[in-house]
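Reading through the structure tokens given below for one structure.
Every value quoted in this text rests on a predicted model; they were computed, and no experiment measured them. Labels below follow one simple rule: chain letters A, B, ... track the order of the sequence lines, proteins then strands, and each chain is numbered from 1.
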Amino acid sequence: MRYWVDFDGEGFEVTIVEENGTQKIILNGEAKEVELFKIDSNGTYVAYVDGAPLIFHAEISGNGEVKVSLPDVTHQMNIVKSVGRSGERRRVVDAGPAKIKSPMSGLIVDVMVEPGASVEKGTPLIVLEAMKMRNEIKAPRPGIVKELKVNKGQTVETGTVLLTIE
Amino acid sequence: MRYWVDFDGEGFEVTIVEENGTQKIILNGEAKEVELFKIDSNGTYVAYVDGAPLIFHAEISGNGEVKVSLPDVTHQMNIVKSVGRSGERRRVVDAGPAKIKSPMSGLIVDVMVEPGASVEKGTPLIVLEAMKMRNEIKAPRPGIVKELKVNKGQTVETGTVLLTIE
Amino acid sequence: MIQRLLVANRGEIAIRIGRTARDMGIEYIAIYSDADRNALHVLLSDRAYRVGPPESEKSYLNMDRIIQIAKDAGAEAIHPGYGFLSENAEFAERVIEAGLIFVGPPPEAMRLMGDKLQARKLAQKVGVPTVPGSREGISSVEEGIEVARKIGFPVLLKAAMGGGGKGMRVVRSEEEFTSAFKLAQAEALGAFGDSTIYIEKFIENPRHVEMQIIADRYGNVVYLGERECSIQRRHQKIIEESPSPVMTPKKRKEMGEAAVELIRAAGYYNAGTVEFLVDKDLNFYFLEVNARLQVEHPVTEVRLGMDLVKEQLRVAVGEKLGFSQKDIQPRGWAIEARIYAEDPANNFFPSPGLIKFLREPQGPYIRVDSGVYQGYEVPIYYDPMLSKLIAWGETRQEALARLKRALNEYIVFGIKTAIDFHKRIIEDERFRRGEIHTGFLNEFTYTSLERKKEAAIAGTLAYTRKSAAISVDKGECQPESRWKTLGRELALKGGIDEILG
Amino acid sequence: MIQRLLVANRGEIAIRIGRTARDMGIEYIAIYSDADRNALHVLLSDRAYRVGPPESEKSYLNMDRIIQIAKDAGAEAIHPGYGFLSENAEFAERVIEAGLIFVGPPPEAMRLMGDKLQARKLAQKVGVPTVPGSREGISSVEEGIEVARKIGFPVLLKAAMGGGGKGMRVVRSEEEFTSAFKLAQAEALGAFGDSTIYIEKFIENPRHVEMQIIADRYGNVVYLGERECSIQRRHQKIIEESPSPVMTPKKRKEMGEAAVELIRAAGYYNAGTVEFLVDKDLNFYFLEVNARLQVEHPVTEVRLGMDLVKEQLRVAVGEKLGFSQKDIQPRGWAIEARIYAEDPANNFFPSPGLIKFLREPQGPYIRVDSGVYQGYEVPIYYDPMLSKLIAWGETRQEALARLKRALNEYIVFGIKTAIDFHKRIIEDERFRRGEIHTGFLNEFTYTSLERKKEAAIAGTLAYTRKSAAISVDKGECQPESRWKTLGRELALKGGIDEILG
């Protein structure tokens, strides 16, 4: 079975084959023997890739959204069955408005722009507080503030859309 | 609510009362404020008894059988609602045949008695092996071997009845 | 010695202090906010009392309530840990007025040292060099800009009552000043209840080297060696080591003696740290005194075989130091990495949340002082430090190798941490050569977008396993079912035939 | 130095050796039986290979397979750990014949020391005193009874190829002899593949004191101080400390030099331990040489700041010792408690099973070498040791206080352990005075039927909570729902008003 694993635009084709009772995974032309085990029922796994243990945590949402935490790094990816010719499939990068999401749970202590405001890359947009730290969220690119979705004093979760820039 | 907590014959009456939103537990006339929290969904709890944390693990089977592991000691108990006069209830000690149970999971490597055999207290009955250790299970009291429920070479679990002595 | 000690703190430091209390046969009394009901510092206590709602102002900073709890619990002494009330002279005074022992310096010395401006003046008086800067707190943006112009940009804004990097901001130009000043004031107010800010010349690329001292009430002051804490992000130390890679015995003696002189002049006793900036020519400038136990105290402990909290308690009850300067014979090298719930790929934003899996490092010459457990939810209200990882070795190289090993076996899932970031730092060539300074991390490019291939393999395997499980419920190899899959009965029988021959 | 090391073992010792390998930049190659597929020593390895089915005979004792794996994996050396093949001279020979490095003594010395009877003879030859006993292996019950009569009961049956208490039995009278002899033979065969048993005079109430040595190929032999290991159950050490509470500097030197002499006479190099029985007058008698790393080696390490596995690897690749006898300057006191999955209230029967909750001790001067994790199922096939807990202090009293603290914060649910039993031992007055001997635990009455009141409270609370949950599903305070119960939104808003004024 072939899968396309997409990391926000950049991706790999991953093929899983069964051979004589062992599972192999092929990535970039390299085939490796793999075994997968659950460590607990909370999403912790160990995969042995050519005998090397890879402990990880996976959160699998619908639609192929998978969040994988290796012990030292976390990656968000989209997994779909690959149907095109090998290596051909590419995700179309979204060129629409930039959604500014909250990078963590916290409290909006200041909103520094209004809808319609013109911002440069780096313009401070919002001040978020958590754990006694105040963090300025800055514009990732120039544009016009379109929708403002939060207010001062409001609590937000990780990933909440704060505003959009067009 | 009053409960009778029985440890294989010896027991305590435990009363739980709600008072001004706090829970109190009364044991041997001593009242203590208690709070209970789950630490995980596998049976690990913490109780605060007059503010002192008591971390424990509880396995609750039907019929009021409860196995409580404190960090340093494990106790098996039977809990029933207490209906008699306070302090009066006593469990009737079972005077029937002694069931010899396996103290651990392991392998029966020898059965040293046959049904009908007369044994003294301390007579070796069965040799059990686990983790490369051989352990003689001895008769806890004199009597006649009644039922022999296991055979050499058989694997047993903790608590499996091996034989009975009458 | 006392019978009961209340620790007016939370997390790893409350636990660390509680451990020493228990080692000394003293009961460890914990306090908790509603957000910390089942925090590890509560679970490991002898008795715990509710101090208030989650916000620090109403809980861990609530002096009246904390003192009342100490009395109710029958505690004779209060240890403030670090942060929160630890450098609050008023709190120390009120503890003493309540007839309790404050495990820390005398309030007068705290007040003196807590006011960074007064501390600077004292240092100047006893001949310890200081960094150029404003003599007083700055009351307005306009005044600040004027002072900054006089000193010359870049300048450093610092909270007069501050510590731990909070309320601290580098300002490189006049344009940045207004916004930075207001943020610094607000942070200072939130963290220390006082918005006073002062300004110092920002020395480019200095090292941060500090001297640990311990003093008793009888004028005995001993320095316990330096710590180099130049690896900082957001002005907060994240890797500390002892000794400093650049320190010479001569400089160490000079710095140690300067620290002792200042401490004596301040009438200070108990544990404390004198912080210095060190420039490229090994000139050192007094920065401030941390009038408390510091986060990084274990790197000093493991080299000396000493328990600083034990020494604090001994001094607090009026004992004399049991050693003098010549008894201090450090062994080998020690290094600490602070593990926070944070996202190094996203400007170290805190990453609170539920810890779904945890396996902390262990083994030879590794000490872990942790405040969390598997199943614990890191709250959003407090400093997000999870643990401190301390490695010891005969040499710096050996200590670094062990720290790397420990980082490699640190597994925590559910929240983000900077464990990978730490690994990159200690593998950096300049770091390995000891060529570090407080701006080191600003020049350090880090992306967590590595190891995508491993992640892709892991993700695909888990995804296909889950899909398969949903469609055919074929059962997976869980711990509970391993027993059966291994064909236990058969295997055992095979085994026994062989054994019984 | 080598690039890859295969560790032919499992559990905590495989991990411990793997850690040093990684510290030295060497890849740690693990092997696993089917019962150990996801054991911690596998999870923490760089690469792991299946060695066979669960039974040791087919896996961790399978010489051909292990050597083949080492070759396949490109490992240049094999470390055998302790137990399993660690004292098997044939294995060492075959490893060497295969062109690999055996991390241990030379096979000839192993063979000599492995045969307890030959080792006794050598000791007698070089003038080291020995315990009276049979000169040869005993082939039949009849011969055994005759020898035992000659020596005089009580006698001790010992496996000639044995170690770790397996195959060992005290026999106090002729009546007990037959049954004990057969059990000992069967255990010896199962554990060591050789049923040879010999008989020694059983010295009443001796201390077990052993001397750690390290030697290189060039005749340099250094003793690293003694360990007292008198606290034994089923002839297996469970608490070990260094130094011995009764040792004098003079006796230490005598014993150390006797050990060095014997080791030199045997042509032995690498790490090893010379075990002695010590009687009430501090006379010592040679018992045997453990030609391998021992379980309790960490108590020596933490006093010296040394890594014995590193030294083993250095010696194995042909390096000279980097120190001599005068460099050995131990610091303070160290003590180790071995934590097994076992039931002390039931004759220490093993208690394998699933670990449902685990929080191991940490903090100042505590080292934990553990082989398990939460969610791991302790298999029934092997020695049930979970971990070793090592505490260090300046004095014995301080080390004991820290060990007690660590035992108090050790939480493991799902299997039984002797943690409470350990606490009772170290609180025992005679133990605290150092009045111990190898029969100490036989005289030690222990019942786990304490703390019934706490258990009754805990049980009733959990029981009523569960009943209530079933009948009204009112929800409990789980980590996942704490957030909500705390009224997070409101609390935060309260907090911010205060902060923003």
Side-chain angles (χ1 to χ4, degrees), chain C residues 15-16 19-20 22-25 34-35 37-38 40 44 53-55 57-58 186 189-190 298 301 305 307 309 331-332 354 359-360 362-370 373-377 380-381 392 394 398 401-402 404-405 408-409 477 479-480 482-483 486 491-492 494-495 498-499 501, chain D residues 15-16 19-20 22-25 34-35 37-38 40 44 53-55 57-58 186 189-190 298 301 305 307 309 331-332 354 359-360 362-370 373-377 380-381 392 394 398 401-402 404-405 408-409 477 479-480 482-483 486 491-492 494-495 498-499 501:
Chain C
I15 295 165
R16 190 258 164 276
R19 283 182 172 134
T20 291
R22 289 182 159 191
D23 291 350
M24 298 174 76
D34 291 333
R37 185 63 187 99
N38 295 316
L40 193 62
L44 294 181
E55 306 78 37
E57 293 74 16
K58 297 177 184 170
L189 185 66
E301 291 185 326
D307 179 340
V309 175
R331 194 191 248 187
L354 181 68
R359 171 90 212 158
E360 289 162 332
Q362 295 180 329
Y365 305 106
I366 293 299
R367 166 174 163 187
V368 183
D369 281 16
S370 165
Y373 57 89
Q374 182 170 327
Y376 173 71
E377 181 160 337
I380 64 166
Y381 301 96
W392 179 90
E394 270 179 45
E398 192 175 57
R402 286 176 178 149
K404 185 178 157 190
R405 174 243 299 173
N408 274 326
E409 66 179 67
C477 186
E480 289 78 359
R482 248 184 250 155
W483 210 243
L486 290 176
L492 266 168
E498 195 167 84
I499 293 163
Chain D
I15 296 165
R16 190 259 165 275
R19 283 182 172 133
T20 291
R22 288 181 162 195
D23 291 350
M24 299 174 76
D34 291 334
R37 185 63 187 98
N38 295 316
L40 193 62
L44 293 182
E55 306 78 36
E57 293 74 15
K58 297 177 183 167
L189 185 66
E301 290 185 325
D307 178 339
V309 175
R331 193 191 247 187
L354 181 68
R359 172 90 211 159
E360 289 163 333
Q362 295 180 330
Y365 305 107
I366 293 299
R367 166 173 163 186
V368 182
D369 281 17
S370 165
Y373 58 89
Q374 183 170 325
Y376 173 71
E377 182 159 337
I380 64 167
Y381 301 97
W392 179 90
E394 270 178 44
E398 192 175 56
R402 287 177 177 149
K404 186 178 157 191
R405 174 243 301 172
N408 274 327
E409 66 178 65
C477 185
E480 289 80 359
R482 247 184 250 156
W483 211 244
L486 290 175
L492 266 168
E498 198 168 81
I499 293 163

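- Summarising the geometry of D369(C) relative to Q362(D), their closest heavy-atom pair is C-OE1, 4.4 Å, with the distance given to 0.1 Å.
- No other option in R16(D), R331(D), R402(D) has as many heavy-atom pairs under 4.5 Å with chain C as R331(D).
- When heavy atoms are compared at a cutoff of 4.5 Å, P298(D) does not approach chain C at all.
- Chosen from R367(D), R405(D), R19(D), the residue pairing most often with chain C at heavy-atom distances under 4.5 Å is R19(D).
- For I15(D), no part sits under 4.5 Å from any heavy atom of chain C, backbone or side chain.
- Per-residue counts of heavy-atom pairs under 4.5 Å with chain C were compared for E301(D), Q374(D), E394(D); the largest is that of Q374(D).
- Using a cut-off of 4.0 Å between Lys/Arg side-chain N and Asp/Glu carboxylate O, E409(C) and R22(D) are scored as not salt-bridged.
- Annotation: maximal heavy-atom pairing with chain D below 4.5 Å, among P364(C), G25(C), P53(C), S370(C), occurs at P364(C).
- Of the residues considered (G332(C), G305(C), A401(C)), G305(C) shows the highest number of contacts with chain D, using heavy-atom pairs under 4.5 Å.
- Per-residue counts of heavy-atom pairs under 4.5 Å with chain D were compared for L44(C), T20(C), D23(C); the largest is that of D23(C).
- In this structure, the portion of R359(D) lying under 4.5 Å from any heavy atom of chain C is its side chain and not its backbone.
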